[in-house]
Q: 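The following block contains the structure, expressed as structure tokens.
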Amino acid sequence: MRERLPLLVAMVLFVPFSFVRAQQPAQKKPLDIYFLDTEGGQATLFVSPSGQSMLVDTGFPGNQGAATPAESNAPGVTRDADRIMAVLKLANVGVLDYVVITHFHGDHAGNAAELAHRIPIRHFVDHGPYTVEMQAGRDAPILSYLPIREHAHVTVPKPGDRIPVEGLDVQVVSSAGEVLKEPMAGAPGAGAPNPFCRDAKLKEQDATPENFESVGIVVRYGSFRLVDLGDLTWNQEHALACPNNLVGTMTVFHTTRHGDPHSGAPQFMDAIRARVAVMNNGERKGGSPEYWQSVHEAPSLEDFWQIHRSAAGGADHNSAEQFLANINETDHGHYIKMSVRADGSFTMTNERTGFTKEYPARGKAQ
Ligand SMILES: [Zn+2]
């Protein structure tokens with residue numbers, strides 16, 4: 001009996017193990033992220049390895065954000081809705097599982113209603129059915145969205161809540177003017193004292209308070225982490241990072257507020273130690289030299305991708321051309337695509353040129 005025991009143990013162990021191996025697919029689907037061009041607004045599509053999808057923001061209505069006022073007001077144009085639909089088709093997304101509206105400015109909520117007419121949307125996520133800028137001329141995005149919202153499945157999360165996209169861990173870190181108060185559980189580096197707070201500055205709140213309400217999220221897939229704070233402001237970034245870094249370290253920093261200097265607190269972006277930054281700027285929206293410089297100087301940053309070459313950035317405050325999705329002489333609305341594998345490695349592609357770059361997974365020691 002004693003002699004047979006090892007054989008028996010080996011059989012018991014081996015049978016289920018080989019069964020499990022045979023059931024696993026050879027290559028798991030990646031997490032695909034599309035950073036769309038909405039001329040200085042936002043629309044970012046996440047397609048989870050599970051097949052579920054999450055769109056963060058819907059771009060401008062009409063042709064707003066175009067180079068000239070005449071073009072911007074051109075009738076009959078649904079530019080960003082068309083661009084979003086084209087990418088959804090390409091990504092084989094027939095239903096949007098989650099649409100996050102970070103806040104109710106036109107460059108984010110502009111096509112919420114338009115998209116709801118074009119594609120089934122299972123869940124909306126927003127900061128609540130109000131805007132703090134309800135004055136005439138600022139209320140169109142929310143007024144077009146509210147009738148849709150009335151009949152939709154809507155979640156209003158608090159900081160710390162999750163958006164349950166299958167296959168991803170999506171956690172809300174800001175909403176309705178509140179930000180996370182405790183370190184994110186299980187997040188690498190979260191809760192650690194932040195040495196960059198020592199000389200940290202604060203800024204006066206600017207005159208567009210709806211930005212302050214933004215729903216901000218952290219998307220995690222294995223060791224890969226991306227932070228997207230919508231148009232949250234400088235002092236809120238500070239609150240997330242000082243005196244302790246509450247969100248931990250990141251792989252990707254999606255720039256706050258298009259690279260506008262009302263956001264971009266270095267004490268936040270230095271603490272998160274992102275490898276890659278992606279800026280959702282327009283040619284003449286966001287992309288400020290000051291913001292660009294802070295991103296550029298952040299420790300651990302390997303590359304800084306931009307949706308547009310920034311006119312204000314000139315020769316000194318723009319990334320090399322291969323990292324620019326649109327260089328503006330003729331604007332085709334090119335996007336940046338990121339494909340993240342389960343081991344944490346990822347590929348980025350500039351759709352304009354086909355330029356791709358591989359980012360190997362970071363070692364555990366880093
Ligand atoms: Zn914005």
Side-chain angles (χ1 to χ4, degrees), residues 28-36 42 44-50 54 56 100 162-163 165 167-174 180 183-192 194 196 216-230 232 237 240-241 245-256 259 263-280 294-307 319 322-323 325 335-350 355-366:
K28 213 178 169 191
K29 277 188 179 173
L31 157 64
D32 286 331
I33 308 170
Y34 298 83
F35 301 92
L36 279 79
Q42 183 173 352
T44 314
L45 175 69
F46 296 80
V47 184
S48 167
S50 71
M54 173 175 72
V56 179
V100 179
R162 286 192 158 78
I163 302 172
V165 183
L168 302 178
D169 179 27
V170 182
Q171 205 172 134
V172 173
V173 298
S174 69
L180 213 60
M184 283 178 81
N194 176 3
F196 300 105
I217 58 171
V218 170
V219 178
R220 182 175 192 165
Y221 176 53
S223 61
F224 175 92
R225 303 182 81 228
L226 174 150
V227 63
D228 178 352
L229 300 178
L232 217 62
E237 294 172 314
L240 285 169
N245 171 5
L246 300 181
V247 296
T249 53
M250 299 290 159
T251 317
V252 179
F253 174 48
H254 182 272
T255 60
T256 327
S263 305
Q267 57 268 38
F268 176 82
M269 60 173 98
D270 290 352
I272 62 173
R273 307 189 71 85
R275 297 177 69 179
V276 165
V278 180
M279 181 157 69
N280 57 330
S294 297
V295 176
H296 181 70
E297 288 172 1
S300 308
L301 193 85
E302 293 171 33
D303 290 312
F304 187 3
W305 294 68
Q306 301 174 217
I307 295 291
S319 299
Q322 61 199 3
F323 298 108
Y335 59 82
I336 294 165
K337 183 181 177 187
M338 178 178 259
S339 287
V340 187
R341 290 172 284 273
D343 66 358
S345 66
F346 58 98
T347 307
M348 291 186 73
T349 305
N350 182 339
F355 166 73
T356 68
K357 186 166 173 181
E358 289 293 328
Y359 295 84
R362 256 180 187 169
K364 278 229 160 61
Q366 289 174 289

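In this chain, residues are counted from 1 in sequence order. Model, not experiment: these values are computed from the prediction. Just so you know, these numbers use all the heavy atoms, side chains as well, and skip hydrogens, waters and symmetry mates.
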Q: Is the backbone N or O of F304 less than 3.5 Å from a side-chain atom of S319, with the two atoms forming a donor-acceptor pair by type?
A: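 Present.
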Q: Check whether more than 12 heavy atoms from other residues, nucleotides or ligands sit under 6.0 Å from atom NZ of K29, and answer yes or no.
A: no
Q: If only atom types and distance count, is the side chain of D343 paired as donor or acceptor with the main-chain N or O of A361 below 3.5 Å?
A: no
Q: How long is the gap from CE on M348 to CD on Q322, to the nearest 0.5 Å?
A: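 The CD atom of Q322 is 12.0 Å from CE of M348, to the nearest 0.5 Å.
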Q: Looking at every heavy atom in both T251 and S223, which two are closest together, and how far apart are they?
A: OG1-O, 3.9 Å
Q: S300 versus R275: any side-chain heavy-atom pair under 4.5 Å?
A: no
Q: What closest approach, in Å, do V173 and V218 show between heavy atoms, and which atom pair accounts for it?
A: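 Heavy atoms of V173 and V218 come nearest at CG1-CG2, 3.8 Å.
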Q: Please report the shortest heavy-atom distance between I307 and A325, naming the atom on each side.
A: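 For I307 and A325, the tightest heavy-atom pair comes out as O-CB, 3.5 Å.
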Q: Is a side-chain donor or acceptor of N194 paired with a backbone partner of A241 at a separation under 3.5 angstrom?
A: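 Present.
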Q: Indicate the atoms forming the closest heavy-atom contact of P183 with A190, along with that distance.
A: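 Taking P183 first and A190 second, the nearest heavy atoms are CB-C, 3.9 Å.
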Q: Distance-only, no hydrogens or angles: does the R220 side chain make a donor-acceptor pair with backbone N or O of G222 under 3.5 Å?
A: yes
Q: Parallel, tilted or perpendicular: which fits the ring planes of F355 and F323, with parallel below 30° and perpendicular above 60°?
A: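 Answer is perpendicular, since the angle exceeds 60°.
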Q: Given 3.5 Å as the limit, does a donor-acceptor pair link the side chain of E237 with the main chain of F268, or not?
A: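 Checked: no pair found.
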Q: Would you compute the distance between atom CZ of R362 and atom OG of S345 and round it to the nearest 0.5 angstrom?
A: 13.5 Å
Q: Should the pair F346 and F224 be assigned to parallel (<30°), tilted (30 to 60°) or perpendicular (>60°) ring geometry?
A: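 Rings of F346 and F224: perpendicular, as their planes differ by over 60°.
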Q: Does the R225 side chain pair with the main chain of V247, one donor and one acceptor, at a distance under 3.5 Å?
A: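 At least one qualifying donor-acceptor pair exists.
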Q: So do L232 and L240 actually touch side chain to side chain, heavy atoms under 4.5 Å?
A: yes
Q: First locate atom CD1 of I163, then atom CZ of F46, and finally report the distance between them rounded to the nearest 0.5 Å.
A: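 Here the interatomic distance stands at 9.5 Å.
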Q: Among I33, L45, T44, I217, whose side chain to side chain contact (heavy atoms under 4.5 Å, CB included) with M54 holds?
A: I217
Q: Are P30 and V340 packed together at the side-chain level, in the sense that at least one heavy-atom pair is separated by less than 4.5 angstrom?
A: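 In short, these two side chains do not touch, never coming nearer than 4.5 Å.
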Q: Got a donor-acceptor contact below 3.5 angstrom from the S174 side chain to the G216 backbone?
A: yes
Q: Identify the heavy atoms of A271 and Q267 that sit nearest to each other, and give their distance.
A: CB-O, 3.4 Å
Q: According to side chain to side chain donor-acceptor pair (under 3.5 Å), who are the partners of T347, at least two apart in sequence or on a separate chain?
A: R341, E358
Q: How many angstroms lie between CE in M184 and CG in N245, if you round to the nearest 0.5 Å?
A: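 Between M184 CE and N245 CG, I get 10.5 Å after rounding to 0.5 Å.
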Q: Rounded to the nearest 0.5 Å, what separates atom CG in L168 from atom CZ in R162?
A: 12.0 Å
Q: Could you state the interatomic distance from OG1 (T349) to CH2 (W305), rounded to the nearest 0.5 Å?
A: 6.5 Å
Q: If you look at every heavy atom in L301 and V295, which pair is closest and at what distance?
A: CD2-O, 3.4 Å
